[in-house]
Amino acid sequence: MADLSADEIDDVRDVFDLFDFWDGRDGMIDAFKVGDLLRCIGLNPTNEEALKHGGTKKMGEKQYKFEEFLPIYKELGGATDTGTFADFNEAFKTFDREGLGLISSAELRHVLTSLGERLTDKDIDNVITWTETHEDIDGNVKYADFIKKIMAGPFPDKK
């Protein structure tokens, strides 16, 4: 792949090989795991994007060799339309009745389970834990801090 550096290819290879190891070391990964593999590499595709780019809804429908997976990584790696801090901040202001930069944790959970690509309760618990989001005494969270931690991604030190 001409547009990918040798280091990028090595990083993708390492994660691909790990998934292959878990699947039995046949040199292939199941297309069902494309989204998870991309997220482990540091990308953030939605489930819908993963399906559009070769993922499947069920295990065993399709498999990819490393050379077949690289174009998927390259295509989704170039995606930059993820929204800005200002976009998300403006959206959260809708729920900030008093203009204090706070949203109730119940509303945050509701938004994450009902809008866009819906998250499960377990997913939300993981996000809350990972972002170290804490409620104040009134059950509210500072949404600007939450947005910043989400946008920093799972590996903020690598940026």
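Just so you know, these numbers use all the heavy atoms, side chains as well, and skip hydrogens, waters and symmetry mates.
Under the 4.5 Å side-chain heavy-atom criterion for ILVMFWY residues, a single connected hydrophobic cluster contains both F88 and L119. In this structure, W22 is not a member of the same hydrophobic cluster as M28, with clusters built from ILVMFWY side-chain heavy atoms closer than 4.5 Å. Using a 4.5 Å cut-off between side-chain heavy atoms of Ile, Leu, Val, Met, Phe, Trp and Tyr, with links allowed through other members, I29 and L51 fall into different hydrophobic clusters. A chain of hydrophobic side-chain contacts below 4.5 Å, direct or via other Ile, Leu, Val, Met, Phe, Trp or Tyr residues, connects F21 to V34.
The CG atom of D36 lies 8.0 Å from the CG atom of N47; values are rounded to the nearest 0.5 Å. Annotation: the span from F66 atom CZ to D20 atom CG amounts to 11.5 Å, rounded to 0.5 Å. Of the inter-residue distances, the one linking K142 atom NZ with D136 atom CG reads 8.5 Å to the nearest 0.5 angstrom. In this structure, CG in L108 is found 11.0 Å from NE2 in H110, a value given to the nearest 0.5 Å. Note that CD of E75 and CG of L43 are 12.0 Å apart. Values are rounded to the nearest 0.5 Å. With rounding to the nearest 0.5 angstrom, the CG atom of L112 is 7.0 Å from the CD1 atom of I128.
In D121, the CG atom is not crowded: 12 or fewer heavy atoms of neighbouring residues, nucleotides or ligands sit closer than 6.0 Å.
S104 places no side-chain N or O within donor-acceptor distance of the main-chain N or O of G139, the cut-off being under 3.5 Å.
One finds no salt bridge joining K93 and D96 here, because no Lys/Arg side-chain nitrogen approaches an Asp/Glu carboxylate oxygen to under 4.0 Å.
No side-chain heavy atom of D26 sits less than 4.5 Å from a side-chain heavy atom of K65. R97 has its side chain within reach of E107: a pair of non-hydrogen atoms, C-beta onward, lies under 4.5 Å apart. Contact annotation: the side chain of I150 approaches that of W130 to within less than 4.5 Å [non-hydrogen atoms, C-beta and beyond]. Counting heavy atoms from C-beta on, the side chains of L38 and F69 come closer than 4.5 Å. D145 is not listed as a side-chain neighbour of T133, based on a closest heavy-atom distance of 4.5 Å or more. With a 4.5 Å cut-off on side-chain heavy atoms, N140 and E135 do not count as touching. Annotation: side chain of Y64 is not in contact with side chain of L70 (no heavy-atom distance under 4.5 Å).
Partners of D123 under the salt bridge (charged side-chain N to carboxylate O under 4.0 Å, His left out) rule, at least two apart in sequence or in another chain, do not exist in this structure. Under the salt bridge (charged side-chain N to carboxylate O under 4.0 Å, His left out) criterion, E61 pairs with no residue at all, not counting sequence neighbours. With sequence neighbours left out, the ring pair (Phe, Tyr, Trp, His ring centres under 6.0 Å) criterion links F85 to no other residue. The ring pair (Phe, Tyr, Trp, His ring centres under 6.0 Å) search around F146 returns none, not counting sequence neighbours. In this structure F32 satisfies the ring pair (Phe, Tyr, Trp, His ring centres under 6.0 Å) test with no other residue, sequence neighbours excluded.
Under the 3.5 Å distance criterion, with hydrogens and angles disregarded, a donor-acceptor pair is assigned to the side chains of D87 and T84.
Minimum interatomic distance between H53 and E49 (heavy atoms only, all atoms of both residues): ND1-O, 2.8 Å. Taking both residues in full, the closest heavy atoms of P45 and G35 are given as CG-O, 4.3 Å, listed atom of the first, atom of the second, then distance. The nearest pair of heavy atoms linking K62 to T56 is CB-CG2, 4.1 Å.
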N/O donor to acceptor pairs below 3.5 angstrom from side-chain atoms of residues 12-19, sequence neighbours left out:
from: R13; atom 1: NH1; to: D17; atom 2: OD1; distance (Å): 3.4

